[in-house]
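Here's the structure, in structure tokens; my notes come after.
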Number of protein chains: 2
Amino acid sequence: MPLPPLVADLTGFDLLLSVARLGSVGRAATEHRVSQPAASAKLRELERRLGLTLLHRTPRGSTLTGTGALVADWARTAVDAADALATGVAALRVTHESRLAVAASQTVAEYLLPPWLVALRAAHPGLTVTLQAANSADVAAAVLAGRVELGFVEGPDQPAGLHAETVATDRLAVVVAPGHPWARRRSVAAAELAATPLVSREAGSGTRRAYEEALGLAQAAPLLELSSTTAIKHAVAAGSGAAVLSSLAVTAELAAGTLVAVPTGVALQRRLRAVWKAGDQLTGPARDLYAIARRHR
Amino acid sequence: MPLPPLVADLTGFDLLLSVARLGSVGRAATEHRVSQPAASAKLRELERRLGLTLLHRTPRGSTLTGTGALVADWARTAVDAADALATGVAALRVTHESRLAVAASQTVAEYLLPPWLVALRAAHPGLTVTLQAANSADVAAAVLAGRVELGFVEGPDQPAGLHAETVATDRLAVVVAPGHPWARRRSVAAAELAATPLVSREAGSGTRRAYEEALGLAQAAPLLELSSTTAIKHAVAAGSGAAVLSSLAVTAELAAGTLVAVPTGVALQRRLRAVWKAGDQLTGPARDLYAIARRHR
DNA sequence: CAGAGGCATAACGCCAGCTTATGACCTCAG
DNA sequence: CTGAGGTCATAAGCTGGCGTTATGCCTCTG
């Protein structure tokens, strides 16, 4: 199901947010580097397509109507998400004149880092960040080798030669499709969970290791081994079985009802930690990013 | 600061998500009702602009690369937010062949309802929802008069003639600008809070009423009275003083560091309740929406 | 009463992006 | 080994959306 064309292009909504902030269509146009008539037409077209009146236009400027304010607040969420996407992509891009290099494990890179980077960028407008997404072992290696200043790792291991500080705790959730027998269970005991083959990532993934450790398993026998979280979610939603995933990864699906979380008797959680070279003191943007990560905890 | 042009248009990212799900550029093109070359060109252009390789193209289809999967996950967040925006707008639009009419107070309409409606639409693909955003008293009146089947209200009042069930609890947060004297305080006592004029909504707003009740005030003297949550946030961020706002309304600002939450000795919270006519039984989409709201709690 | 600031309308030109048609490539079946 | 079917890339041509400048009208201010 493709995105409705109404919202595929966010520039109109972005313009609306500028009008809300600046109080005039003309000033919003200036901020967006377009002519005033272009902005005026764009906003009018937006109103026409939504079938809503968003602005009170007066000779002294423009203000939002009630519905305009409501739409603007929803739009802000979408624009912020797009902004986080842009920031993440910019960091992923290998820029050779980078200023801060960061490495992060999959879960952190996917779900936590983008808003942190948006906040960091607010504090350091000109800063370029490069991000390397890798598994926890590679992150540790990159920090040790000095390729990145700061790393974020998951899982139980204590990396040698690194100073580690917990910045967040990630709960792991057992998820199944709504039609799965477990979907209506009050609870699934640790023993039953340990005895059930799951849809999971490849051996050595941070999520899988944390799960194996929590259940005291040396190596869990997988029902199906897939290489990405997304693939696992789809397989489970299609009824392939149960999976253990970061709760951060399944909020949207739980909200939509595509997946159902099953309560368990086990505390499935793991710490997400910031790591840097032991003995070193974090400075500049790296220090700020660490502070932001702690603050968001 | 306008949105980077890279992400202003989400169609490319949306297409990427379809490719991830369907495994082929051509099928994604079909789903989006465009020709295969158009989709191919669009994805290639996306890769060019991001400076990243997102797809493995093979004669048997296309799959995401590692960075492609990462970008796709971030993109999914943005696309979902845009989808919530579209759903909210569609519900706001007065459609005359509506099927489910809902009224909600400001906080619920702004922050909670869009994802609920997205989930509801997943269960009822053809359903048209109309939404009326109003204050709690008007919501109750609309339900009583039968203009809407289901309402969502906030605040302490028990609406006469209506059956009410709590669907969520909203914490109120005391927020100030980072430079405000309170920003570094460990705690602000109830008495001090009650004695301090705040930036607030007009008398009678749900948030303001809940705050007055929690502090045992008949009527709080405002420092500044503004008509929208957004205006209040900006005024506070600019250093105008302190405000009490729904924690739902300030998550983004707290994350970005624009605003700072001040711990207080008072339990500032209020219930958000679903209401329908006493004696009636919820049926059909209204019943499902209520269930979704409870599930998201 | 004049000027400034704000939004709308008009006229025009350009380029982005879509479509159809076709080609190149791989895989698999017989 | 060979042909069919599926996938993606390239080419060429056209349309129309969108932005620009120029201008007019309105309202509030001094």
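Each chain gets a letter, A, B and so on, in the order its sequence line appears, and its residues count up from 1. Quantities reported herein were computed from a predicted structural model and do not represent experimental measurements.
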Does A:G26 offer a backbone N or O that forms a donor-acceptor pair with the side chain of A:T30 under 3.5 Å?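 Such a contact is found between A:T30 side chain and A:G26 backbone.
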Treating B:E47 as the side-chain partner and B:L55 as the backbone partner, does any N or O pair qualify as donor plus acceptor under 3.5 Å?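 Side chain of B:E47 to backbone of B:L55, a donor-acceptor pair under 3.5 Å: yes, one is there.
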Nearest-Å distance, [atom1] ([X]) to [atom2] ([N])?
{"X": "A:R33", "N": "D:dC18", "atom1": "CZ", "atom2": "C1'", "value": "19 Å"}
{"X": "A:D9", "N": "C:dG17", "atom1": "CG", "atom2": "P", "value": "11 Å"}
{"X": "A:R48", "N": "D:dG17", "atom1": "CZ", "atom2": "C1'", "value": "13 Å"}
{"X": "A:R57", "N": "D:dT27", "atom1": "CZ", "atom2": "C1'", "value": "17 Å"}
{"X": "B:H56", "N": "C:dC26", "atom1": "NE2", "atom2": "C1'", "value": "17 Å"}
{"X": "B:E47", "N": "D:dC8", "atom1": "CD", "atom2": "P", "value": "12 Å"}
{"X": "A:Q36", "N": "D:dC25", "atom1": "CD", "atom2": "P", "value": "16 Å"}
{"X": "A:K42", "N": "D:dG19", "atom1": "NZ", "atom2": "P", "value": "4 Å"}

Of all the nucleotides listed (D:dT20, D:dT10, C:dC18), which has the minimum atom distance to the side chain of A:A38?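 The nucleotide sitting nearest to the side chain is D:dT20.
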Would you indicate which nucleotide in C:dA21, C:dC25, C:dC7 comes nearest to any side-chain atom of B:P37?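 Given the options C:dA21, C:dC25, C:dC7, the side chain of B:P37 is closest to C:dA21.
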Between [X] and [N], is there a contact of a side-chain N or O with OP1 or OP2 at under 4.0 Å?
{"X": "B:R60", "N": "D:dC8", "answer": "no"}
{"X": "A:S62", "N": "C:dC7", "answer": "yes"}
{"X": "A:S24", "N": "C:dC7", "answer": "yes"}
{"X": "A:S40", "N": "C:dT9", "answer": "no"}

Carboxylate-amine/guanidinium contact A:E225 A:R208, below 4.0 Å: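 Looking at A:R208 together with A:E225, the answer is yes, because their closest N to O distance falls below 4.0 Å.
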Pair A:D9 + A:R49: basic N to acidic O under 4.0 Å: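 Looking at A:D9 and A:R49, the cut-off is not met.
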Reckon B:E45 touches a base, only the sugar-phosphate, or nothing at all at heavy-atom distances under 4.0 Å?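 No contact at all - B:E45 keeps every heavy atom at 4.0 Å or more from the nucleic acid.
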Does B:S35 reach a base, just sugar-phosphate, or nothing at all? Heavy atoms under 4.0 Å.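 Base, at least one base atom sits under 4.0 Å.
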Any heavy-atom pair between the side chains of A:H234 and A:T230 that's under 4.5 Å?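 Touching, per the 4.5 Å side-chain cut-off.
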For B:A39 and for A:R27, find the nucleotide of DNA chain C with the closest heavy atom, then tell me which residue's nucleotide is more 5'.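 Looking at DNA chain C, the more 5' nearest nucleotide goes with A:R27.
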